[in-house]
Trainee: 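The structure under discussion is supplied below as structure tokens; questions concerning it will follow.
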Amino acid sequence: MTAPVLLQVALPVPLPHLFDYLPPPGHVPGPGDVGRRVKVPFGSRELVGIVAGTGAAERPSAELRAALAWLDAAPLLGGELLDSLRWLARYTHAPLGETLATALPGPLRHGDPAPDTTSWAWRLTEAGLTALPSLRAGSRPRRLAERLAAAALAEDALDLRMEGWREPARSLARRGLAERVASEDPGAAPAPQPGPPLNDEQQAAVEAVAATAGFAPLLLDGVTGSGKTEVYLSAIAACLARGRQALVLVPEIGLTPQTLARFRARLGVPVHALHSGLAEGERARAWMAAARGQARVVVGTRSAVFVPLPQAGLIVVDEEHDGSYKQLDGIRYHARDFALVRGKALGVPVILGSATPSLETLHNARGGRYAHLRLRRRAGQAQPPAVRVMDVRKRALQGGLSLEAMQAIGQALAQGGQVLVFKNRRGYAPALLCHDCGWTAHCKRCDSAMTVHASGRRLQCHHCGARQPAPPACPDCGGLALQPQGIGTERLEETLAASFADVPVLRIDRSTTQRRDALAQHLATLGDAPGILVGTQILAKGHDLPRLTLVVVVGVDEGLFSSDFRAGEKLAQQLIQVAGRAGRAERAGQVLLQTHHPGHPLLETLIQGGYAAFAEAELQQREAAGFPPFAHMALLRAEAMHADPPMRFLHEAKAVILSLLPAAREEGVRRPDEGQPTIGIHGPLPAPMPRRAGYQRAQLILSAAQRRSLHAALDVLVTTLHASPQARRVRWSLDVDPVDLY
Ligand code: ADP
Ligand code: ZN
Ligand code: ZN
């Protein structure tokens, strides 16, 4: 008798191997089982796994347990997506089972059956059209019927346009006045609206995309407001016309109802949204609709990069430099980078769009690996904003704002414009200080100051979320001279509201926009009238604010002197993006940059030469210092309640690397031309914030000029660490291509 064939199952557990199971009774496994979900016993639990392979048993079958049941008749994860995810598991050095689990929407991960993906629309019946004028004016059924009279509307479109539409819809249906139809039904999708005629640069970019055969990475490097989205829309329309699917990734805060509405209106097909604000069931439906080829266009945030695309034609990554594309826990993937891997496997073009491309992407474009498409001018009539640096050294500041800034704000308002005051710090003030003895309020669980909120009444830790009332007196000396130090958005709001009492002042930051549509609602209350927006980078993208004529940037100085080698890049991107909000329509825009360091090289280069000049200078510095994109990095982190175990664990890791590579040496990366490739080791050191949420944290940085040598070392390292007793005393994680070094 031949050995039984068994299933090699990837399970969502932190162990770096597959698990062997006998098939469910009565089933002979075959290659067609790869990618199917299967329920298996695991210890005393039951887990949902994915068959990653089949093979002959090497052990006696008596030692094997049998899988309990199949969850799918056909593979749920197959073809290109499964292959790409295998690549991702190898690249991140993460277990395949955890990687596959990350790619699946929650309900599918937990074993729910694949959901029904019919999408529904509503339309008025003949009777409904006739009865419309007799429905009570202003009533909800009447308002809904008026919307449906023009055209049938998909349920997701109704979700966007009319809150609580389901109840009046049912009431109309009961009376035979409206009906629910599958939205593939002709007439359910509105006809696509034409966009503006493209300018020459846009046209050239669209043609460059059309001219690609198979995989092609293209950087669409276009200044803010240059019409990048119009280029995407044209390329997507061409992709749809060829009968292919398109995937569009957008940053976490860029996926607004406004963005979706624009895509829906222009493309004339249902657009499936996929983001963290959706219910789990909706995410599973969008994912399955893509898998079944029903979803033609998927617009989503980071995790949308995992949708199956059986008929892929195009992938777009908008604002490719955005930090939200990097997953910061679990499987630490970068959605932009994985989009490129998938584009290559799928043989489709990948457009990376940005006004401020990441240095990684620019480096690839300069090296000729990516096509470099440029949009140098703003589209339509809009002019680039004029940027002016305001030196505030020795000037009196009122609540953080200089007299000059106040005057400029007053003038812009008087001319009927809107003003954005940007400060990348939430709260009232970054710290609370006792003026008598120097005490500052610190978080009990983190090595960090508490941020002052609620005009000084509350303290909050932005790292662990701890909150407490502000003390009435200094806990150390009993003095009453407690003073908020520095400026946050709340304090700016207070100052501005006091000075400009006759216009609305709206604060927009993570505290005021928990809900996805909150920002749109805030902006709607402002309308076209003069007013002031105070906010963090949430305001920097996604929303067109045609009345915005002045942007005041307050306090960029913290970012100028950070130890993180990416801080300059992030700051430059933020400044350009915020400045880009001004003057996007016919009104000219002005940007005031308030700083104590007007001569700082970063600001000088950025203002005189723009982002391109900044990037050029920064790339030279990175090359000289041996930092990415000229080297490849990995960060091994460890944390525990006490400081010792993480350090011991990381010292062991370091010893592993050193023993592997005789040529390894600390600090610094050897150039390829210096002979044998090697690994630079930095640390172990306590993390920049050593204690966070009660955990002591440490880290070890590895870098190499060649990706291959780094990954070869990581392979051995991770295998060793999984078997190490030290590893059981800490929480550890490996971050390949880390974005934040803490
Ligand atoms: P980006 O994505 O580069 O920020 P958008 O595509 O959002 O730019 O375009 C900015 C504004 O310019 C939008 O209001 C858009 O409708 C308009 N626009 C884009 N392309 C053109 C064009 N060729 N002619 C006129 N207006 C345009
Ligand atoms: Zn004190
Ligand atoms: Zn804390």
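We number each residue from 1, following the sequence as shown. Both counts, for ligands and for their atoms, begin at 1 and track the order of listing.
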Trainee: Test of understanding: given a 4.0 Å heavy-atom threshold, classify the contact between Thr229 and ligand 1 as side chain, backbone, both, or neither.
Mentor: both

Trainee: Relative to the heavy atoms of Ala379, which atoms of ligand 1 are at a distance of less than 4.0 Å?
Mentor: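 Within the 4.0 Å cut-off of Ala379, ligand 1 contributes 12 (O), 18 (N), 19 (C), 20 (N), 21 (C), 27 (C).
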
Trainee: Taking 4.0 angstrom as the limit and counting only heavy atoms of Asn199, give me the atoms of ligand 1 inside it, by number and element.
Mentor: 23 (N)

Trainee: Would you say Gly222 contacts ligand 1, with heavy atoms under 4.0 Å as the rule?
Mentor: no

Trainee: For atom 16 (O) of ligand 1, which candidate among Glu319, Glu230, Gln203 holds the nearest heavy atom?
Mentor: Glu230

Trainee: Does NZ or CZ of Arg729 come closer than 6.0 Å to the centre of the six-membered ring of Phe649, within 45° of the ring's axis?
Mentor: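 No, cation not above the ring by the 6.0 Å, 45° rule.
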
Trainee: Going by the order shown, which atoms of ligand 1 are within less than 4.0 Å of some heavy atom of Gly227?
Mentor: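 Answer for ligand 1: 1 (P), 3 (O), 5 (P), 6 (O), 8 (O), 9 (O), 19 (C).
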
Trainee: Identify whether the distance between the nearest side-chain nitrogen and carboxylate oxygen of Arg302 and Glu252 falls below 4.0 Å.
Mentor: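 Answer for the salt bridge query: no.
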
Trainee: Taking the Zn ion (ligand 2) as the vertex, measure the angle between atom SG in Cys437 and atom SG in Cys474; round to 10°.
Mentor: 110°

Trainee: For His363 and Arg369, work out which heavy atoms get closest and say how close.
Mentor: O-NH2, 3.4 Å

Trainee: Of all the atoms in ligand 1, which lie at a distance below 4.0 Å from a heavy atom belonging to Pro197?
Mentor: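 So the atoms of ligand 1 that pass are 22 (C), 23 (N), 24 (N).
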
Trainee: Ligand 1 versus Gln202, non-hydrogen atoms closer than 4.0 Å: side chain, backbone, both, neither?
Mentor: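 It is the side chain that touches ligand 1; the backbone stays farther off.
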
Trainee: Working to the nearest 0.5 Å, report the span between SG of Cys443 and CZ of Arg692.
Mentor: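 Answer rounded to 0.5 Å: 10.5 Å.
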
Trainee: Do you know which two heavy atoms are closest between Gly343 and Val350, and how far apart they sit?
Mentor: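 Residues Gly343 and Val350, closest heavy atoms: CA-CG2, 3.7 Å.
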
Trainee: State whether Lys570 and Asp564 are salt-bridged, where the test is any N-O pair (Lys NZ or Arg NE/NH1/NH2 against Asp/Glu carboxylate O) under 4.0 Å.
Mentor: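 A salt bridge is present here (some side-chain N lies under 4.0 Å from a carboxylate O).
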
Trainee: Answer side chain, backbone, both or neither: which part of Arg262 comes under 4.0 Å from ligand 1, heavy atoms only.
Mentor: side chain

Trainee: Is it the side chain, the backbone, both or neither of Pro196 that has a heavy atom closer than 4.0 Å to ligand 1?
Mentor: side chain

Trainee: List-wise, which protein N, O or S atoms are found short of 2.8 Å from the Zn ion (ligand 3)?
Mentor: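 Protein N, O or S atoms closer than 2.8 Å to the Zn ion (ligand 3): Cys443 SG, Cys446 SG, Cys461 SG, Cys464 SG.
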
